[in-house]
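Since the model is a prediction, treat every value here as computed from it, not as a measurement.
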Amino acid sequence: MQYWRKGLEGMQITDVRVRKVAKEGKLKAVVSITMDEEFVVHDIKVIEGEKGLFIAMPSKKALDGEYRDIAHPINSGTRERIQKIILDKYEEALQEEETAVAEA
């Protein structure tokens, strides 16, 4: 049974909201994305890793102590596309902050 037929253009990220984290550490920001102006995913984390920035999808601690994603893309292409959009928006937020500090 097919509940949803994907359009030719696929899912679109229609809004990205970045909340930067002020404290020192690997966590740099927490992000919410809106898809197709109809569905929101909160608590996506921007993390500084050994190889640069990456995103971690929202997760919760399971009974066995492991953390498991509660919302995530089901293929690597979609994950890469979401990560690129989020990291681009994060870099844009950093540049806006630097501009505001320089102008102050």
Side-chain angles (χ1 to χ4, degrees):
M1 178 178 276
Q2 185 173 356
Y3 293 100
W4 173 11
R5 183 177 179 101
K6 193 173 182 181
L8 293 174
E9 69 283 342
M11 175 194 70
Q12 298 297 310
I13 306 287
T14 52
D15 190 30
V16 178
R17 299 193 182 225
V18 177
R19 294 179 308 281
K20 291 186 301 215
V21 176
K23 64 180 183 170
E24 293 293 319
K26 294 183 181 207
L27 179 63
K28 300 300 178 188
V30 179
V31 177
S32 297
I33 61 171
T34 304
M35 295 172 279
D36 294 332
E37 297 180 2
E38 296 180 350
F39 189 81
V40 177
V41 178
H42 296 290
D43 297 330
I44 300 170
K45 296 169 185 69
V46 175
I47 298 172
E48 179 75 50
E50 292 178 12
K51 298 179 183 178
L53 294 172
F54 67 94
I55 63 167
M57 298 305 289
S59 61
K60 71 175 187 173
K61 194 173 189 176
L63 294 176
D64 63 5
E66 294 288 318
Y67 284 88
R68 293 198 173 69
D69 289 350
I70 56 174
H72 59 87
I74 59 172
N75 62 60
S76 60
T78 301
R79 177 177 286 276
E80 290 167 10
R81 185 165 59 96
I82 290 172
Q83 179 165 282
K84 180 178 180 349
I85 290 167
I86 288 172
L87 295 182
D88 286 351
K89 194 70 166 181
Y90 173 72
E91 293 294 337
E92 185 179 303
L94 287 180
Q95 290 175 1
E96 287 174 5
E97 182 179 274
E98 288 174 8
T99 300
V101 169
E103 291 175 353

When rounded to the nearest 0.5 angstrom, what is the spacing between [atom1] in [X] and [atom2] in [Y]?
{"X": "Thr14", "Y": "Phe39", "atom1": "OG1", "atom2": "CZ", "value": "12.0 Å"}
{"X": "Glu91", "Y": "Gln95", "atom1": "CD", "atom2": "CD", "value": "7.0 Å"}
{"X": "Ile82", "Y": "Ile13", "atom1": "CD1", "atom2": "CD1", "value": "4.5 Å"}
{"X": "Asn75", "Y": "Glu80", "atom1": "CG", "atom2": "CD", "value": "9.0 Å"}

List for me each residue that meets side-chain contact (heavy atoms from CB on, under 4.5 Å) alongside Glu92, sequence neighbours excluded, and say none if there are none. Lys89, Glu96
Residues two or more places apart in sequence or in another chain: which of them pass side-chain hydrogen bond (donor to acceptor under 3.5 Å, both in side chains) with [X]?
{"X": "Asp69", "value": "none"}
{"X": "Ser32", "value": "Arg19, His42"}
{"X": "Arg17", "value": "Asp15"}
{"X": "Asp43", "value": "none"}

If you group Ile, Leu, Val, Met, Phe, Trp and Tyr whenever their side-chain heavy atoms sit less than 4.5 Å apart, what else falls in with Phe54? Val21, Leu27, Val30, Ile47
Minimum heavy-atom distance Ala71-Met57, with the two atoms named: O-CB, 3.2 Å
Taking salt bridge (charged side-chain N to carboxylate O under 4.0 Å, His left out) as the definition, give me every residue that meets it alongside Glu97, ordered by chain and number, with sequence neighbours left out. Lys20
Check the pair Val31 / Ile55 against side-chain contact (heavy atoms from CB on, under 4.5 Å), numbers first and verdict last. CA-CA 9 Å; Val31 177; Ile55 63 167; over 6 Å; no
Here the salt bridge (Lys or Arg N to Asp or Glu O under 4.0 Å) pairs for residues 22-34, sequence neighbours left out, are none
Do any pairs count as a salt bridge (Lys or Arg N to Asp or Glu O under 4.0 Å) and have a residue in residues 58-67, sequence neighbours left out, and if so which ones? Asp64-Arg68
Hydrophobic clusters here meaning ILVMFWY residues chained together by side-chain heavy-atom distances under 4.5 Å, can you tell me if Val40 and Val18 are in one? no
